Amino acid sequence: MKKQLRPLIEGLAVGCVFISITMLFQIPLYMSFIIGALAAVGGYRNSIKMDRAKNDKKADSSTSDTE
């Protein structure tokens with residue numbers, strides 16, 4: 001899976017989950033879509049941030065091994 005595709009898929013998954021949760025509470029459809037879109041953007045940004053932190057941690061551990 002490409003590096004750019006993974007955050008998109010994770011963001012869409014988070015958005016879909018939030019849409020389904022808001023539909024359970026009988027919130028109007030347009031509000032559910034707005035909440036889902038905001039959650040998808042948040043999930044996308046969080047996925048990128050976590051990948052960056054994981055790569056930084058991996059780089060730190062590899063540099064400490066060589067010292």
Side-chain angles (χ1 to χ4, degrees):
M1 186 179 327
K2 292 185 178 182
K3 283 191 169 195
Q4 298 294 330
L5 188 61
R6 183 175 179 199
L8 286 174
I9 291 173
E10 288 182 11
L12 287 174
V14 170
C16 290
V17 166
F18 271 81
I19 287 173
S20 63
I21 289 171
T22 55
M23 296 287 283
L24 288 174
F25 293 111
Q26 297 179 350
I27 294 175
L29 185 63
Y30 70 93
M31 290 177 73
S32 295
F33 285 146
I34 292 170
I35 293 168
L38 292 173
V41 170
Y44 174 76
R45 292 182 67 195
N46 189 40
S47 177
I48 290 173
K49 186 173 77 172
M50 289 181 66
D51 286 344
R52 187 175 295 143
K54 186 170 72 171
N55 289 338
D56 290 345
K57 186 176 180 182
K58 190 183 294 182
D60 288 344
S61 67
S62 67
T63 57
S64 66
D65 290 342
T66 58
E67 293 177 358

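Keep in mind that what you see is a predicted model, and the values were worked out from it rather than measured. The first residue in the sequence is number 1, and the count goes up from there.
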Summary of side-chain hydrogen bond (donor to acceptor under 3.5 Å, both in side chains) pairs that have at least one residue in residues 34-51, sequence neighbours excluded = Glu10-Ser47

What are the two closest non-hydrogen atoms of Ala39 and Gly15, and how far apart are they?
-> CB-CA, 4.4 Å

Show me the donor-acceptor pairs within less than 3.5 Å that the side chains of residues 25-38 make with the rest of the protein, sequence neighbours left out.
residue, atom, partner, partner atom, Å
Ser32, OG, Thr22, OG1, 3.0
Ser32, OG, Pro28, O, 3.3

Point-to-point distance, once rounded to the nearest 0.5 Å, from CD1 of Ile48 to CD of Gln4 = 7.0 Å

Mind checking whether Val14 and Ile21 sit in one hydrophobic cluster, side chains of I, L, V, M, F, W, Y counted as touching below 4.5 Å?
-> no

